[in-house]
Each structure stands twice: as C-alpha cells, then as structure tokens.
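Below: one structure, written as structure tokens.
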Amino acid sequence: MSWMTLSLTLIFVFIPLLLSKALSLGLERDTIAATLRSTVQLIAVGFVLKFVFDSEHPIFIILMVLLMIVAAVQNARHKGKAIKGITWKLFITFVAIEVLTQTVLLGLHIIPATAQYIISLSGMVIGNSMVLAILFLNRFTAEVEAHRDESELILSLGGTPKQSINRQLLKAIQASMIPTIESQKTIGLVQLPGMMSGQIIAGADPIQAVQFQLLVVFLLLATAAMTSVLLGFLSYRSLFTERMQLLKVDLD
C-alpha cells in the first residue's frame, strides 16, 4: 500500500464526521483528534519498531515492552483513582502478566525469542489487560458503592473487609471477563480477527494464520482472567481504613 492509497482511506473518517455534524452529536473535534493522534502515534511506532527489529538487542525489546506497560498504566489509572496506590497496582498486574505469558511462550518454544514475536504479542497482551483493567475498575467501584450498606452491615457484625466485599469483587471479575469470553464464542463466524486477517492479506497460508490466531485467542482468555483476579485482590484492601471502615468511593 502506498501513502497515496492510504490517504484515500480518509474517506472512512469523513463518514463519522458528517454523521456527527448532521445529527449534532458534537463529536467532530474528538474524531479529528483521534484520527491525528492515531496516525502520528502509529507512524512513530512504525519507525521505532523498524529500528528495534533491525537491532534485535534485548535492551531495546525490554524498553519497548516497558513503554507499552507505562502507557497502559497511565490510561487505566484514572478509572481507579478511588483506590489508593492504583498506579503501582496496575503496573504490578501488567508486569506480572507479561512475565508469566512470555515465560510460557518462550520457555516452551512456542514462539522464537525475536523482537518481531515478543513485541507483537506483548502489545496484544498489555492492550487487552488495559481494557480489562478499565472494565474491572469501573464495575468494581460501582458495585462497592451500590452495596455499601450491605458491606457496612457485614463489618459491623464482625466480618473482615474481604468478607464484606467478596460478592462485589467476584461480580466485577465476572463482568469484566464476559466480553472476552462472548467475543471468542463467535470468532471465525461473525469476525475474522486482526492477526489472522493481517497474515492472510500478507499472503500467509490460512491454516498457519488460524494457528497463530488460536494462540492469541488462548493468550487473551488467560490475560482476561489474570488481569481481573490480580488487580481485584491487589485493590480491594485499599478501600478500607486501618480500622476496617469502608472508604467513600468516588465514581466521577
């Protein structure tokens, strides 16, 4: 694809702009900003990845992965501002998931230890973890505030913080995992996923593309579970004072 051909795809950007204008949705500025940011970011990342792939130096690979983790933390932490130390809790969660998944992938020789594979799969894992973390934090804080009276009653009867909030915690974990599970039920029927489509467009054998896509499917399913559970059990205690009183949860 040439840059001239790529420029023609801006037609797809004009469609939401025209609809927003016609329906007075007020999304024109956000749409333009999103388009410009995504374009600049992707082009910049493209040049960075070309350098990293060419060098194949472990330090550059680690730095690239750390950059993705830091960006994911910065984006997700605003949804959990009511939880003390949420920035470090997110960082620990993302790092733990990245280390665990890469240990399995590289340790069992599922993928080669090259920048091309490590960074690509790390981006999928960290990006999915970020989305799941946002979903979890939104649901968890909402559940806690909605069932505050129930939690305080359990605490007043001598229950522990974990007992008073366990139901809300499990509901939030379940709710944040459902979108991943449901989307995977229709994969291949309703949608052809990104990695598989990209490989097929690049001329790869469809069966080979399916194998790599299944790797990603299983990887993201594990990521969904680990993100919600790790972040949940790291976070719930921060909603209580030292005297085991439930703090006010800011949902703004």
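Start at 1 with the first residue, then count along the sequence.
A distance of 5.5 Å separates CD of Glu98 from CD1 of Ile69, quoted to the nearest 0.5 Å. Ile173 CD1 to Leu230 CG: the interatomic distance, rounded to the nearest 0.5 Å, is 9.5 Å. Here CD1 of Ile61 is found 4.5 Å from CD1 of Ile118. Values are rounded to the nearest 0.5 Å.
Taking 4.0 Å as the cut-off between side-chain N and carboxylate O, Arg167 and Glu143 do not count as a salt-bridged pair.
Panel note: side chain Gln163, backbone Thr160; a donor-acceptor pair is recorded below 3.5 Å. Not one N or O on the side chain of Ser235 forms a donor-acceptor pair closer than 3.5 Å with the backbone of Gly232. Between the side chain of Ser120 and the main chain of Tyr117, no donor-acceptor pair closer than 3.5 Å is present. Side-chain N or O atoms of Ser228 include none that pairs as donor or acceptor with a backbone N or O of Ala225 at under 3.5 Å. No side-chain donor-acceptor contact under 3.5 Å links Ser24 to the backbone of Ser20. A donor-acceptor pair under 3.5 Å is absent between the side-chain atoms of Thr227 and the main chain of Ala224, judged by distance alone.
Using modelled atom types and a 3.5 Å distance limit, the side chains of Thr223 and Ser129 yield no donor-acceptor pair. Side-chain polar atoms of Lys89 and Ser238 form a donor-acceptor pair below 3.5 angstrom.
Taking all atoms of both residues into account, the shortest heavy-atom contact from Pro112 to Leu106 is O-CD2, 4.0 Å. Scanning all heavy atoms of the two residues, the minimum distance from Ile86 to Arg77 falls at CG2-O, 3.8 Å. Minimum heavy-atom separation, Leu169 to Phe140: CA-CE1, 3.8 Å. Taking all atoms of both residues into account, the shortest heavy-atom contact from Leu231 to Ala133 is CD2-CB, 3.8 Å. Nearest heavy-atom pair across Pro16 and Thr31 is CG-CG2, 4.3 Å. Residues Ile111 and Gln102 share a closest heavy-atom pair of CD1-OE1, 4.2 Å.
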Problem set entry | Worked check of side-chain contact (heavy atoms from CB on, under 4.5 Å) between Asn75 and Ile134 | CA-CA 9 Å; Asn75 191 49; Ile134 291 172; 3.9 Å; yes
Exercise. Would Ile126 and Ile97 satisfy side-chain contact (heavy atoms from CB on, under 4.5 Å), going step by step from the backbone distance to the final call?
Worked result: CA-CA 8 Å; Ile126 296 167; Ile97 292 171; over 6 Å; no
